[in-house]
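Below, chains carry the letters A, B, ... as their sequence lines are ordered, and counting in each starts from 1.
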Number of protein chains: 2
Amino acid sequence: MLADDHALVRDVLRKYIEERPGLRIVAEASEGRELVEAVQTHRPDVAIVDLWMPGLSGADAARQITQSGSSTRVLILTMHEDLVHVRDALRAGAAGYVVKTAPARQLLDAIEAVSRGNFYVSPSVSHHLVQSVRAEDGAGSTLLSVLTPREREVMQLIAEGLSAKEIATKLGVSIKTAEAHRARLMAKLGVRKASLLVRIAIREGLVES
Amino acid sequence: MLADDHALVRDVLRKYIEERPGLRIVAEASEGRELVEAVQTHRPDVAIVDLWMPGLSGADAARQITQSGSSTRVLILTMHEDLVHVRDALRAGAAGYVVKTAPARQLLDAIEAVSRGNFYVSPSVSHHLVQSVRAEDGAGSTLLSVLTPREREVMQLIAEGLSAKEIATKLGVSIKTAEAHRARLMAKLGVRKASLLVRIAIREGLVES
DNA sequence: AAGCGACTAGGGGTTTCTACCGATCCCCGA
DNA sequence: TCGGGGATCGGTAGAAACCCCTAGTCGCTT
């Protein structure tokens with residue numbers, strides 16, 4: 001299945017993928033939560049997921065999918081080449097990571113690889129990945145790592161300009177819960193205004209500027 | 001011809017477009033200057049250009065192409081739905097503007113339109129365009145120019161996380177005045193939440209992320 | 001002189017945010 | 001088994017944001 005908030009991209013990707021014998025798109029999603037639901041109902045072999053999606057980031061979506069015990073393999077397709085995103089995605093359980101600067105052929109290779117149970121990372125980023133693993137000694141964590149997945153989710157929605165009520169509706173919880181998440185994550189980040197969260201979210205790559 | 005820094009996107013777009021009889025991709029570019037050169041050597045009817053390109057932005061490239069007297073029509077294809085980018089692109093001489101959230105079919109419509117000498121803008125953004133023209137007074141270039149100096153000042157302070165009261169104190173005016181400025185600039189920008197102002201301010205370079 | 005736009009200021013209203021307090025449920029690790 | 005933390009809700013209440021209105025002064029243009 002395909003998950004990307006850009007319908008146009010989904011359309012052309014679907015055409016491209018379905019040209020291949022043996023590959024078929026069984027579902028699409030334009031948004032994180034939609035993706036998680038679709039995975040449960042359609043049970044695709046592979047989910048091609050854009051890292052940047054409104055509401056729920058691709059990495060958090062990947063986390064939910066893999067932790068739900070689903071057999072669906074998550075293949076991240078994104079424009080972000082920096083290893084922060086790569087590491088987040090892989091740590092969240094993604095089986096593949098393909099950057100959009102790569103030739104399209106690579107996407108097919110990646111689909112092939114992850115559907116067989118292997119892992120695939122675009123050569124251009126795997127190079128950085130090796131260096132980062134080598135340079136690391138355990139400490140490596142972003143500011144956002146102190147947040148729970150749910151809090152990151154809420155933070156992303158706040159940064160997108162949604163109110164507590166809108167977040168509650170989107171997540172299917174009560175307003176008080178959304179407010180509780182917001183209050184906790186703001187306390188953790190030492191911030192007293194939602195508008196400052198936006199800047200942090202942009203700086204951390206949680207949303208686009 | 002196609003210009004996008006993501007090879008994968010170019011690949012699938014080319015496949016999609018070349019499926020149509022009568023459409024053929026004669027050249028590709030992954031970067032702004034490459035695009036400008038390729039237009040001069042290949043003289044395509046239409047250049048599909050991503051707004052986001054290293055080196056030379058799509059809008060600047062469009063400006064160079066149209067001002068060089070070339071007959072090539074520039075069709076912007078981008079993820080940016082905000083009118084800032086739309087206005088920049090159109091002012092730079094682009095004949096079309098299609099957002100990636102639109103269905104792929106729309107790209108073909110746009111190619112058809114601009115190759116006939118017409119203009120095409122995705123319905124979802126043309127809506128904003130009308131509002132902006134209404135709020136505008138003619139001279140304006142960037143988004144910030146529709147704002148008065150005082151409004152820009154207030155906007156910057158909002159983006160830095162100050163409340164209306166703090167802004168009032170800093171500027172030496174009453175809270176009501178600060179609120180009035182804020183309300184007017186938000187109306188001009190078509191924004192209903194201060195948190196969204198932060199993103200615009202960062203994007204426009206008014207504050208740092 | 002008249003009109004317009006920017007800047008200033010205020011009244012009065014609803015909604016949302018922010019910060020407290022409390023609670024239950026469930027999962028996971030010690 | 002017992003704790004702890006995460007997620008879920010509820011109440012209260014002040015602060016701030018947001019909305020709609022009027023209105024004065026100033027400077028510039030028509």
Please enumerate all protein N or O atoms sitting under 3.5 Å from an N or O of nucleotides 16-19 of chain D, with distances to 0.1 Å.
unit_1 : atom_1 : unit_2 : atom_2 : d
D/dA16 : OP2    : B/K165 : NZ     : 3.0
D/dA17 : OP2    : B/A164 : N      : 3.0
D/dA17 : O5'    : B/R182 : NH1    : 3.4
D/dC18 : OP1    : B/A194 : N      : 3.2
D/dC19 : OP1    : B/R192 : NH2    : 2.9

Give each protein N/O atom lying under 3.5 Å from an N/O atom of nucleotides 23-29 of chain C, with the pair distance.
none

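Atom C1' of nucleotide C/dG5 and atom CZ of B/R184 are separated by 9 Å, given to the nearest angstrom. For the pair A/Q64 CD and D/dG6 C1', the interatomic distance rounds to 14 Å; values are reported in whole Å. Computed from coordinates, the A/L185 CG to C/dT18 C1' distance equals 13 Å when rounded to whole Å. Rounding to whole angstrom units, CD1 of residue B/I175 and P of C/dG12 are separated by 16 Å. Rounded to an integer number of Å, the gap from NZ of A/K188 to P of D/dG5 is 10 Å. Taking atom NE2 of residue B/H181 and atom P of nucleotide C/dG10, one finds them 13 Å apart after rounding to whole Å. Atom-to-atom, CG of A/L147 to C1' of D/dG5 comes out at 15 Å; the value is rounded to the nearest Å.
Each end of the helix from C/dA1-D/dT30 to C/dA30-D/dT1 gets its own axis, taken as the rotation carrying the C1' atoms of four end pairs onto the next four within a five-pair window, and the two axes meet at 40° to the nearest 10 degrees.
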Would you give me the side-chain donor-acceptor pairs under 3.5 Å for residues 179-187 of chain A, sequence neighbours excluded?
unit_1 : atom_1 : unit_2 : atom_2 : d
A/H181 : ND1    : A/R184 : NH2    : 3.3
A/R184 : NE     : A/E151 : OE2    : 3.4

List the atom pairs, with distances to 0.1 Å, where a side-chain N or O of residues 165-173 of chain A and a protein N or O form a donor-acceptor pair under 3.5 Å, not counting sequence neighbours.
unit_1 : atom_1 : unit_2 : atom_2 : d
A/E166 : OE1    : A/S163 : N      : 2.7
A/E166 : OE1    : A/S163 : OG     : 3.4
A/T169 : OG1    : A/K165 : O      : 2.9

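In this structure B/A159 satisfies the side-chain contact (heavy atoms from CB on, under 4.5 Å) test together with B/A201, B/V207, sequence neighbours excluded. Under the rule for a salt bridge (charged side-chain N to carboxylate O under 4.0 Å, His left out), A/R20 has no partner lying at least two apart in sequence or in another chain. Partners of A/E112 by side-chain hydrogen bond (donor to acceptor under 3.5 Å, both in side chains), not counting sequence neighbours, listed by chain and number: A/R116. With sequence neighbours left out, the salt bridge (charged side-chain N to carboxylate O under 4.0 Å, His left out) criterion links B/R10 to B/E28.
Here salt bridge (charged side-chain N to carboxylate O under 4.0 Å, His left out) pairs that include residues 29-39 of chain A, with residues two or more places apart or in two chains, are A/R33-A/E153. Applying the salt bridge (charged side-chain N to carboxylate O under 4.0 Å, His left out) definition to pairs two or more places apart or across chains, none involves residues 39-49 of chain A.
Comparing D/dT8, C/dT8, D/dC9 against the side chain of A/S174 picks out D/dC9 as the nearest.
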- Message: Applying side chain to side chain contact (heavy atoms under 4.5 Å, CB included) to A/T78 and A/D50, what does each step give before you reach the verdict?
- Response: CA-CA 5 Å; A/T78 180; A/D50 190 358; 4.2 Å; yes

- Query: Given the rule in the side chain to side chain contact (heavy atoms under 4.5 Å, CB included) test, do B/M155 and B/L189 qualify, once you have shown the distances and angles that lead to the verdict?
  - Reply: CA-CA 11 Å; B/M155 176 164 176; B/L189 300 179; 3.7 Å; yes

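A sub-4.0 Å separation between OP1 or OP2 of C/dA9 and a side-chain N or O of B/T177 is present. In terms of phosphate contacts, B/T148 brings no side-chain nitrogen or oxygen within less than 4.0 Å of OP1 or OP2 of C/dG5.
Contact record, A/A7 with B/T101: CB-O, 3.2 Å, taken as the closest heavy-atom pair. Of all the heavy atoms in A/Q106 and A/Y120, the pair that sits closest is CG-OH, 2.7 Å. Here the shortest heavy-atom pairing between B/V46 and B/S115 reads CG2-CB, 3.8 Å.
By the 4.0 Å N-to-carboxylate-O rule, A/D11 lies too far from A/K15 to be salt-bridged with it.
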- Sequence-aligned protein contact record of nucleotides 22-30 of chain D, with B where the base is within under 4.0 Å of a protein heavy atom and S where only the sugar-phosphate is: ---------

